[in-house]
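To keep things clear, I will list the structure first and then write my remarks on it.
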Amino acid sequence: MSDTPVLHVRDVRKRFGGHAALDGVSLDVHEGEVVTVIGPSGSGKSTLVRCVHQLESIDGGAMYLDGELLGYERHRGHLRPLPDRKVAAQRSRMGMVFQQFNLFGHWSVLRNVVEAQVAVHGRDPGQARAEALRLLERVGLAGKADAHPRMLSGGQQQRVAIARALATNPRIMLFDEPTSALDPELVDEVLSVVRDLARGGMTMIIVTHEMSFAREVADRCVFMEDGRVAATGTPKEIFDAPSSPRLRSFLSRFT
Ligand code: ADP
Ligand code: MG
């Protein structure tokens, strides 16, 4: 087994105007590891996962997926941005789940889960369909293949979004507050799908405001503040023995 982390983030910086949304963030995620990311609103959690998924460019530092530099290639001793098609290929090795599901509303549930497999990976349509049905069953939506997203609850839509993200066999799953847009009674059905993925050995980064979940599902937890990793440790270290006063004060809001 190699020691190369699935994801290696080194000193990443991202500015919006004069504001440093990420101010030198480093993070490794190893095979099968679940890292949860907590922190106050505006601390850079979404920016971090969006940069990893290359929805945002970075202003400094570097990111590697399975040891491969993300977004850039070496050319005559310099780094130059990768062409779009190579960026798309790198992005397709990660699955991202957003707060707002982002399903295609005019497509059936099944087509939402089939399409990326065919379009991005060139998978045979019949095979893609079989895989989609298997994944819909895995997220508890076996009977909903022909439904349209608008007919589903938010929790069901988010589970479709998870199935869609899984359909391309990602090396890592990135979740950005997957339950924040849901009515409270729908949160658990989504968390239990994410929990099953964790048990199944999926490598994941999960940004969440659900503190008990962040603790329970994590191998390691990262506390972000002001665009930096302000604390990192096992769930026990972060939640039972928070080292910094600001982490303590953040956690106290949830009890
Ligand atoms: P979090 O997800 O932890 O709430 P974000 O990563 O969304 O934090 O935001 C970090 C900081 O970057 C915030 O100050 C936010 O206002 C700013 N920011 C995020 N996205 C943009 C953007 N597209 N344009 C300008 N500022 C942004
Ligand atoms: Mg956010």
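For ligands, and for the atoms within them, numbers begin at 1 and follow the listed sequence. Atoms considered below: every heavy atom in the structure, side chains included; atoms not considered: hydrogens, waters and symmetry mates. What you see is a predicted model, and the numbers here were worked out from it, not measured in a lab.
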Counting backbone and side-chain atoms alike, does Q99 have an N/O/S atom under 2.8 Å from the Mg ion (ligand 2)?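 No N, O or S atom of Q99 is closer than 2.8 Å to the Mg ion (ligand 2), so no.
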Does a side-chain N-to-carboxylate-O contact under 4.0 Å join [X] and [Y]?
X: D240; Y: R215; answer: yes
X: D176; Y: K45; answer: no
X: D226; Y: R246; answer: yes

**OP:** Please confirm whether the backbone N or O of L69 pairs with a side-chain atom of Q90, one donor and one acceptor, at under 3.5 Å?
**Re:** yes
Problem set entry | Sorted by chain and number, the residues that approach ligand 1 to under 4.0 Å with a heavy atom |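 Around ligand 1, where the cutoff is 4.0 Å for heavy atoms, the contacting residues are F16, H19, A21, P40, S41, G42, S43, G44, K45, S46, T47.
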Cation over ring face, K236 and F239, 6.0 Å, 45°: no
Closest heavy-atom pair, V49 versus I205, reported as atoms and distance to 0.1 Å, is CG1-CG2, 3.9 Å
